[in-house]
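Here the structure comes first, spelled out in structure tokens, and everything after it is commentary.
Values in this document were obtained by computation on a predicted structure and should not be read as measured data. Chain letters run A, B, ... following the sequence lines, proteins first, then strands; residues in each count from 1. Heavy-atom basis, side chains included; hydrogens, waters and symmetry copies ignored.
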Amino acid sequence: MTVAASASSAGWRLTAGSPLPGFWPALGFTLAYLSFFMLLPLAALALRPWESGLDHVWAVISSPRTVRALQLSFGAAFAAACVNAVFGTIVAWILVRYEFPGRRLIDAIVDLPFALPTAVAGISLAAIYAPNGAIGSLFAPHDIRIAFTPLGVMIALVFVGFPFVVRSIQPVLQDLDVDVEEAAATLGASRLQTIARVVLPAIFPALLAGFSLSFARAVGEYGSVIFIAGNIPNVSEIAPLLIVIRLEEFDYAGAAAVGLVMLVVSLILLFILNWLQAHVVRSASR
Amino acid sequence: MTLAISDIAKNYGRFPALKSVSLFAEDGEFLALLGPSGSGKTTLLRVIAGLEVPDSGTIQFRGENLLAKPVRERNIGFVFQHYALFRHMTAAQNIAFGLRAKPRSTRPPEAAIRSKVDELLSLVQLEGLGARYPAQLSGGQRQRVALARALAIEPRILLLDEPFGALDAKVRRGLRRWLRDLHERTGLTTIFVTHDQEEALELADRVALLKDGALEQMGTPEELYHSPESAFVFEFLGDCIKLPCIVEGGIAIVSGAGVPIVGARPPQNGPATAHIRPDAFNVTVGGGQGLSARVRNVLLAGPDARIECVLDSGDAIEVRIAHENADRIAPRDRVTLAPRAVRVWQSSSIA
């Protein structure tokens with residue numbers, strides 16, 4: 001408190017007279033915690049690539065194989081997050097709005113991708129979607145291959161990111177009173193108009209949050225993807241796998257360089273998503 | 001008649017929410033559905049709007065079967081108890097919603113929608129607040145936005161569910177008068193639900209009193225207040241004091257004194273319960289013909305003086321008398337309470 005009181009800037013003084021003190025210890029704890037668990041390791045990652053020279057870093061990240069892997073990782077994660085946004089919303093809707101036998105079971109199943117070891121999920125997905133698997137064999141005659149292609153990568157990412165969208169939207173939907181939809185109906189709106197103009201705008205910030213989480217999770221996913229992906233360089237090899245390959249070649253700087261690119265791109269994308277979300281929330285509750 | 005509701009019944013599982021309710025509304029009438037919670041009044045309103053499907057019965061509007069149409073085709077304005085405004089839209093966008101939702105062929109041009117919204121904003125006295133979001137409006141203002149939104153579609157009937165339920169007493173009285181004025185100006189057939197008898201009696205042309213999913217009595221406020229057909233109606237429309245009495249030859253003997261019975265049907269002789277309004281007593285200090293009681297407290301703030309007494313039987317009752325008659329009464333006095341008239345319903349507890 002004395003520190004706050006002696007601070008001269010008007011902005012800082014705001015916390016001085018609070019009847020519920022706690023800002024300074026909480027901020028101190030937050031900074032220490034973040035430093036230990038996030039900032040220090042990330043700083044180490046940011047410093048590592050430069051050890052073997054700028055040329056090497058550039059050579060690694062501009063090699064076609066790296067570029068392809070990064071494109072696949074971000075592209076498939078984005079596609080998976082889009083799929084999850086659509087179907088996660090429908091599942092959340094069903095779980096919140098309707099009472100039916102087995103609802104609780106479905107509600108519990110939604111969380112399974114959180115709990116299941118990702119490798120287990122990856123192996124099962126690979127077995128089912130392989131050309132001789134239960135689902136893969138249905139598509140094989142039409143010359144559609146799922147496992148060992150970017151499509152397979154996306155399916156694995158849909159699996160791991162699914163709960164995020166459902167769990168983000170559920171509480172908001174629960175909060176959205178049915179009478180708002182009824183009001184739209186009495187005003188002559190069709191069901192589709194009601195969903196597009198009343199329900200979706202109301203849940204949009206939550207949907208965006210779920211999308212971001214699902215996307216972030218998918219970008220970094222490793223365990224479930226490598227089994228179904230087949231890991232063919234330039235085709236179905238994801239960036240995290242490439243990092244592991246570089247590590248196995250003792251090219252630590254190269255591995256760190258790919259990691260750094262992922263870190264920077266993820267950070268930028270999450271910033272944009274967060275900004276978008278804040279912007280939507282602000283314009284909705286002005 | 002404009003709106004004819006016949007034999008509407010609705011069950012929620014085993015709970016009967018409405019048991020064969022029939023009533024009608026004339027063109028331009030202002031109708032109140034009054035009743036305690038759980039009496040089915042809101043369910044009936046929602047059935048008319050199409051938000052609930054009745055198990056049986058018919059609703060005709062100018063000869064057309066209303067139940068055959070889905071909600072959005074009924075063109076009935078509905079104002080929700082908690083307003084149900086669209087939070088992400090401004091007041092003006094809320095009001096325009098019904099017009100913008102129309103199919104392209106019948107949708108008015110954007111300029112017409114704008115001018116209609118402005119017109120409605122001034123009708124509900126919210127000029128200049130069209131750009132505000134619901135979160136930036138007070139409860140009373142939100143209520144009026146909800147009303148303007150319902151009026152925008154030029155409904156054939158306007159339904160209001162507890163329109164003043166969530167507002168504080170003063171705003172409520174102001175809005176009540178304003179709604180009455182608005183109804184006189186628009187001439188729209190209006191039905192509103194309330195549990196507040198004062199509101200119903202003050203606003204409505206006619207009041208339908210519901211009890212346990214059935215219509216108890218329907219009539220003008222005067223009819224209901226002055227000729228209640230059952231003890232329930234009498235008790236619901238105002239404070240009521242119940243005293244044991246014996247009916248003999250058309251008069252009630254209350255505590256040894258004969259009191260005239262008002263009301264249509266003279267009850268049968270025998271023990272019964274007398275119902276009396278708290279302002280229907282003569283209070284005299286000292287002994288006399290009537291109920292003897294001891295004064296516990298005299299409350300002089302308010303339009304009437306309220307005298308809290310304890311009867312000799314131990315029951316506490318509160319009677320109301322004019323202020324000039326209360327001057328000579330003080331706490332701990334012994335007084336005699338003489339009812340001027342009573343109402344008696346035979347086996348009122350069963351009916």
Side-chain angles (χ1 to χ4, degrees), chain A residues 85 89 92-93 96-101 103 168-212 273-286, chain B residues 42 45-46 48-52 69-91 93-104 106-107 131-137 145-162:
Chain A
T89 305
W93 175 267
V96 170
R97 276 298 151 86
Y98 303 101
E99 194 64 51
F100 55 92
R103 192 181 64 96
S168 304
I169 291 177
Q170 244 178 337
V172 182
L173 267 183
Q174 222 128 32
D175 234 30
L176 186 72
D177 289 324
V178 184
D179 61 7
V180 179
E181 286 171 57
E182 289 177 341
T186 62
L187 293 168
S190 68
R191 201 71 188 118
L192 272 178
Q193 281 176 319
T194 305
I195 286 168
R197 297 169 65 177
V198 175
V199 178
L200 279 184
I203 63 169
F204 192 68
L207 181 59
L208 215 51
F211 178 89
S212 307
L273 284 169
N274 269 338
W275 175 83
L276 207 60
Q277 204 181 317
H279 183 74
V280 170
V281 170
R282 221 179 307 126
S283 62
S285 61
R286 229 173 344 190
Chain B
T42 294
L45 201 72
R46 291 170 62 84
I48 300 170
L51 296 170
E52 303 281 350
K69 285 187 168 182
V71 198
R72 60 194 192 87
E73 286 168 25
R74 288 196 192 180
N75 198 21
I76 291 177
F78 198 103
V79 177
F80 291 80
Q81 183 176 5
H82 300 290
Y83 325 129
L85 293 177
F86 308 128
R87 274 180 283 185
H88 60 283
M89 294 184 199
T90 62
Q93 287 168 336
N94 265 283
I95 296 169
F97 183 87
L99 298 173
R100 296 208 170 114
K102 284 179 192 256
R104 208 175 284 276
T106 55
R107 191 189 310 157
R132 296 246 186 121
Y133 283 85
Q136 298 167 311
L137 296 170
V145 172
L147 190 61
R149 183 177 69 176
L151 291 173
I153 57 166
E154 291 175 1
R156 302 184 289 180
I157 309 171
L158 182 64
L159 306 175
L160 304 142
D161 186 10
E162 300 264 2

Side chain / backbone / both / neither for B:I76 at chain A, heavy atoms under 4.5 Å: backbone

Rounded distance [0.5 Å steps], OG1 in A:T186 versus CZ in B:F80: 5.0 Å

Test the A:R197-B:F86 pair against the cation-pi criterion, namely NZ or CZ under 6.0 angstrom from the six-membered ring centroid and within 45° of the ring axis. no

Point-to-point distance, once rounded to the nearest 0.5 Å, from CG of A:L200 to NE2 of B:H88: 9.5 Å

Heavy-atom proximity to chain B below 4.5 Å, by part of A:S190: both

Part of B:A146 within contact of chain A (heavy atom distance under 4.5 Å): neither

For chain A, which of B:R46, B:K102, B:Q81 has the most heavy-atom pairs under 4.5 Å? B:R46

Give, as side chain, backbone, both or neither, the part of B:L85 having an atom under 4.5 angstrom from any heavy atom of chain A. backbone

Pick one of side chain, backbone, both or neither for A:D179, based on which atoms fall under 4.5 Å of a heavy atom in chain B. both

Checked A:V180, A:V198, A:T194, A:L187 vs chain B; the most non-hydrogen pairs under 4.5 Å come from A:L187

Looking at every heavy atom in both B:R87 and A:D175, which two are closest together, and how far apart are they? NH2-O, 4.2 Å

So which part of B:R100 gets closer than 4.5 Å to some heavy atom of chain A, the side chain, the backbone, both or neither? both

